[in-house]
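Step one of this worksheet: look at the structure below.
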Amino acid sequence: MSLSNFINEPILELRRREARDALQAGMAALEPRLPLRVPMLIGAERTEGDDLVSTDPGNPDRPVALAPLATPADAGRAVEVAAAYAPRWAATPASDRAQALVRAAGWMRDRRHELAALCVRECAKPWAEADGDVAEAIDFLEYYARGALALDRGATIIQVPGEKNTMRYAARGVCVVIAPWNFPVAIPTGMVSAALATGNTAVLKPAEQSPGCGAMVVEALRAGGVPADAIGLLPGEGDVGAALVADPRVQTIAFTGSAPVGLGILRAAAEAPEGQMHLKRVVAEMGGKNCVIVDSDADLDDAVPAIVRSAFVYAGQKCSAAARVLVHEAIADALVERVAGAVQTLQVGQADSFGTDLGPVIEREAQERVERYTRLAAEQGTIAARHAGALPERGWFCAPTVATGLPQGSPVLVEEIFGPVLAIESVRNVEEALDRVDGLPYALTGGLFSRNPITVERVAARTPVGNLYVNRHITGAMVGRQPFGGNRLSGTGTKAGGPDYLLQFVEPRVVTENTVRHGLVV
Ligand SMILES: NC(=O)c1ccc[n+]([C@@H]2O[C@H](COP(=O)([O-])OP(=O)(O)OC[C@H]3O[C@@H](n4cnc5c(N)ncnc54)[C@H](O)[C@@H]3O)[C@@H](O)[C@H]2O)c1
């Protein structure tokens, strides 16, 4: 089987009325179905319940999905089914698996507007972000389908007369996927489809904040033809994730989420209890504290809107969002003034309203966390800007805030806030900025604004971040174009949506055959 070359799913152009109308029609189709009944899926077994409820962050009284709360015992049963089916799925031709993923992409494409509407309701993604989330999920399915076919052909290695060498990539077995809520369709789709494309069975535990979106991922895959036993769904909380990680039948853990949880998973996965005959592999994509360096020759007409977009769109709740700006002292005052002005022009409002730049944060706990850091920023430094417009009365809204004058070592400068708070610091030169970037435990994304190619080269060579963006915003990595993932405590260095990603889900096997034989036995 061959598939056409991969191309990214086109993003909707929301300035066009037809695109906006289509999304609104998606919302109109979704609303009467809310709250969604999200099942727990273990093989053919389907269990409904309402112990886990996701709500609209912009209107917390509105339930979006009702699901059963999976237990650690359910996790064990789901792994059992996935483990029993793993040999059959691994033996399924790679082309059949790829076809199933491509059909799942088609299923999502057909429901694209309704899926985006669900991201708006369940996770308060503004429309453009919600559309991007679904498009990225489609990209992952299409990209990994193609990647797995290429991997299935094996590696090219050296051959000499009298010897035949082959190098193949075999599925590892059961992969558990533990996902966050901030890309509620794209991230679980990416991790699950990588596992399935390469012949592993998978059990998905979506974030407790977004079971509705997680369920759509599994529904798409099953509709595409992935057998029920190859993909399970466990709506639940951290305890279910922990039970999945600890299960000795699990081979691979694909996790995206915060660094503290990821570190705990890495520790737990290192255990090899009696009877477990393999080492678990952990693919972990974790948090960030992303810095944008602005040199004295930067064009502020470019830098200011890009910084504001990177820091505040989706209320700063992207792992790639800008958290710190390190600006050359010669232009620091001008930059702060312009960013402060731009913050006042942001549209803070309900996610379902076109034109909203930032909606609410995901939950009350997140709102409290953002407020805590904002208070600390006011105590330790200066609040240079705080969005002055009235915030909607209901929902977990936070005013976008810019802080300056913070002392090095302040938790506001070091810890991941995951909300609309941006710190701006003045530096003597780019070297000092790089020292500060180098002093951070996180190394996910970074930005640079400079018009000097030598500066660009120097920063690219020295920065530890996984994704550096030069003279543009630092969010919005595209599958295949910007393979994405961080280093240091930001992750295990794997690149989602890149050419190496699938290697995490397979084990290489080499066969060397002596071909100087004395006859064949037939
Ligand atoms: N690097 C990336 O590509 C990337 C992408 C998106 C989000 N993130 C990060 O994700 C975080 C936000 O997401 P979140 O709030 O959902 O993160 P989180 O770490 O709180 O939760 C992530 C998932 O882990 C589960 N979990 C919680 N405790 C667990 C445990 N002990 N064992 C196993 N699983 C457990 C949760 O239920 C959830 O499904 C931020 O830190 C953000 O930077 C990183």
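Ligands are counted one by one from 1 in listed order, and the atoms in each one are counted from 1 as well.
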Check: Can Lys318 be said to sit on top of Phe183's aromatic six-ring, NZ or CZ under 6.0 Å from centre and within 45° of the ring axis?
Finding: no

Margin query: Tell me whether the rings of Tyr501 and Tyr144 are parallel (<30°), tilted (30 to 60°) or perpendicular (>60°).
Written below: parallel

Margin query: So if I only count non-hydrogen atoms and take anything under 4.0 Å from ligand 1, which residues does that give, chain by chain?
Written below: Ile178, Ala179, Pro180, Trp181, Asn182, Ile187, Lys205, Pro206, Ala207, Glu208, Glu237, Gly238, Gly241, Ala242, Phe255, Thr256, Gly257, Ser258, Val261, Ile265, Glu285, Met286, Gly287, Cys319, Glu416, Phe418, Leu444, Phe484

Note to self: Between Thr445 and Asn467, is there a side-chain donor-acceptor contact under 3.5 Å, judged purely by atom types and distance?
What the structure shows: no

Next item on the list: Tell me yes or no: between the side chains of Gln504 and Thr494, is some donor less than 3.5 Å from an acceptor?
Entry: no

Notebook entry, point to check: With the threshold set at 4.0 Å, does a side-chain nitrogen-carboxylate oxygen contact exist between Arg309 and Asp357?
Noted result: no

Notebook entry, point to check: Should Arg33 and Glu114 count as an ion pair when the cut-off is N to O under 4.0 Å?
Noted result: yes

